[in-house]
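Atoms within each ligand, like the ligands themselves, are counted from 1 in listed order. This structure is a prediction, so every number in the text was calculated from the model and none was measured.
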Amino acid sequence: MADNAHYDICVMGLGYIGLPTAAMLATSGAMVLGVDTNAAVVDTVGRGGIHIEEPGLKTVVRAAIGSGHLRTAAAAAPAGVFIIAVPTPITPDKRADMACVVGAVEAIVPHLRPGNLVILESTSPPGTCAGLVRPILERSGLKVGESLHLAHCPERVLPGRILTELIANDRVIGGHDRASAEKAREVYARFVEGEMFLTDTTTAEMVKIIENTYRDVNIALANETAVLCEKLGIDFWDVARFANRHPRVQLHHAGPGVGGHCISVDPWFLVERFPADTPLIGLARTRNDAMPAHVVARILEIVGDRPNPAVAALGLAYKGNVDDLRESPALEVVRLLREKGCEVRVNDPLVKRAPCETLPLEDCLKDADCAVVLTAHDVYAELDPAWAGTLMRGRNLYDTHHLVNPAAWRAAGFNVTVLGSGRSAE
Ligand code: SAJ
């Protein structure tokens, strides 16, 4: 197929969602064009490589490229279906930054033909399809609901399990009209084994945002409970374990804060639009954003009055076993520690491009007064306390994820502090 030929599906954005989706569609037999504004991504993927870490992704992409069903390009081309999977970050003043969505929609307008279907996958504030996407699409002269179909089908996959969840998870498909929703369902039926629920675009947009807001509010409750348990001299992890034996209670995990490009971002889309009606959602965000400062205060207590204490920061990624740094609370902890005069050495074996220097584990731990588990990577759960003890100056471990086995570390002579636990060492 020549590069300007007609594709079945054109996927705009080859990131965490667009790339696996494009590869799955190509695997199902569709002719897919993957488009990205980053030339390096176009090149890497075009050669069958990947630019993000995700279990199983490399195999699927390599096969899709090898079969000729997936091609990449820097610009859109005519296709039957356009899927937009570009980022929707927040601006520093906590507003949805829709520039990438607008750019992607504008880029497909010249290629639109009667009967085309446009699917927005990017997480977007409720009303985006109707109020932002539709007017841009109609610059083509086509009318949504008549000669053009429009749907919102938010992704719901968990980084680290993307390929499995892409296939297994249920999908909510919001159509501008019934025909749009049904056409979109046909596209996802190529690889989705979960159930598909059809609705309107604004409902689908709200469903996605509220899923992540539900998590954020519940994590805020867990974090607040953890702080209370520290003050009460009891253990949050016991409280959560026992409370969760109640059939209708599911207390989330406390931790150093909420990261990632989803849960810590999406609730702001509601607060921005309805500030007077979202006191709970806004407060939950503030509660979670306050956790890095709480962690830093605890570290300063642990190292006491030692001048310029050396802290080994174990982990930078926003959650365990991923390489993603976006909105990571670990970055904020490191920044605040440095601001307080600590000498911070950082380790993260998964992160390839960090905004600060990262060191091998041995160099990170060497002469540290306190080691802090900031990301729940498996490698830290398996860390040998005896070995760490031979390297460090002080025998202090602060675990912000309840990850390590405290008994093993205490047996190796460590003073172990766990976030949420107000118990003194047993
Ligand atoms: N976290 C806690 N306590 C918890 C759970 C998570 O502190 O009990 C923290 C994590 O450490 C991390 C952050 O929250 O910093 C988010 O991690 P996560 O694994 O819960 O979620 P994400 O951001 O990786 O992916 C979420 C998922 N949404 C839901 O579970 C409702 C995923 O299904 C979405 O597709 C994704 O957001 C997205 O793209 O919106």
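For the residue pair D216 and T213, no side-chain donor N or O sits within less than 3.5 Å of a side-chain acceptor on the partner. A donor and an acceptor atom, one from each side chain of D399 and Y380, are nowhere located under 3.5 Å apart.
A donor-acceptor pair under 3.5 Å links the side-chain atoms of D170 to the main chain of E195, judged by distance alone.
Comparing M291, K319, E155 against atom 39 (O) of ligand 1, the shortest heavy-atom distance belongs to E155. With I17, I219, V322 as candidates, the residue nearest to atom 9 (C) of ligand 1 on a non-hydrogen basis is I219.
Taking every heavy atom of both residues into account, I162 and P20 meet most closely at CG2-CG, 3.7 Å.
At most 12 non-hydrogen atoms from other residues, nucleotides or ligands lie less than 6.0 angstrom from NZ of K231. Within a 6.0 Å sphere centred on NE2 of H253, heavy atoms belonging to other residues, nucleotides or ligands number 12 at most.
Evaluated for a side chain to side chain contact (heavy atoms under 4.5 Å, CB included) with V101, the options I136, T123, L120 yield exactly one hit, L120.
Ionic pairing of R335 and E339 is present here: one or more N-O contacts between side-chain nitrogen and carboxylate oxygen are shorter than 4.0 angstrom. In this structure, D238 pairs ionically with R241, as a charged nitrogen and a carboxylate oxygen lie closer than 4.0 Å. The pair K208-E155 meets the salt-bridge criterion, with a side-chain N (NZ, NE, NH1 or NH2) lying under 4.0 Å from an Asp/Glu carboxylate O. Remark: R298 engages E301 in a salt bridge, criterion side-chain N to carboxylate O under 4.0 Å.
Among all protein heavy atoms, the one lying closest to atom 21 (O) of ligand 1 is I263 CD1, 3.5 Å. Atom 8 (O) of ligand 1 has its closest protein heavy atom at H253 N, 2.8 Å. In this structure, the protein non-hydrogen atom closest to atom 5 (C) of ligand 1 is R215 NH2, 3.5 Å. R156 O, 2.9 Å is the protein heavy atom nearest to atom 33 (O) of ligand 1. The shortest contact between atom 28 (N) of ligand 1 and any protein heavy atom is with N212 OD1, 2.8 Å. Closest to atom 22 (P) of ligand 1 among all protein heavy atoms lies Y318 OH, 3.6 Å. Considering only non-hydrogen protein atoms, atom 25 (O) of ligand 1 sits nearest to L158 CD1, 3.6 Å.
Those atoms of ligand 1 with a heavy atom of P159 less than 4.0 angstrom away are 24 (O), 25 (O). In the vicinity of V258, heavy-atom distances shorter than 4.0 Å reach the ligand 1 atoms 13 (C), 14 (O), 15 (O). Here is the list of ligand 1 atoms found below 4.0 Å of a heavy atom in C262: 23 (O), 36 (C), 37 (O), 38 (C), 39 (O), 40 (O).
The backbone of V157, and not its side chain, has at least one atom closer than 4.0 Å to an atom of ligand 1 (non-hydrogen atoms only; backbone = N, CA, C, O).
Within the structure, ligand 1 lacks G260 among the residues with a heavy atom less than 4.0 angstrom away. Under the 4.0 angstrom criterion for non-hydrogen atoms, E165 is not in contact with ligand 1.
Considering both main-chain and side-chain atoms, E211 never comes within under 3.5 Å of ligand 1 through any nitrogen or oxygen pair. The N/O atoms of H252, backbone and side chain alike, include none that comes under 3.5 Å of an N/O atom in ligand 1. Ligand 1 has an N or O atom lying under 3.5 Å from an N or O atom of G259, backbone or side chain.
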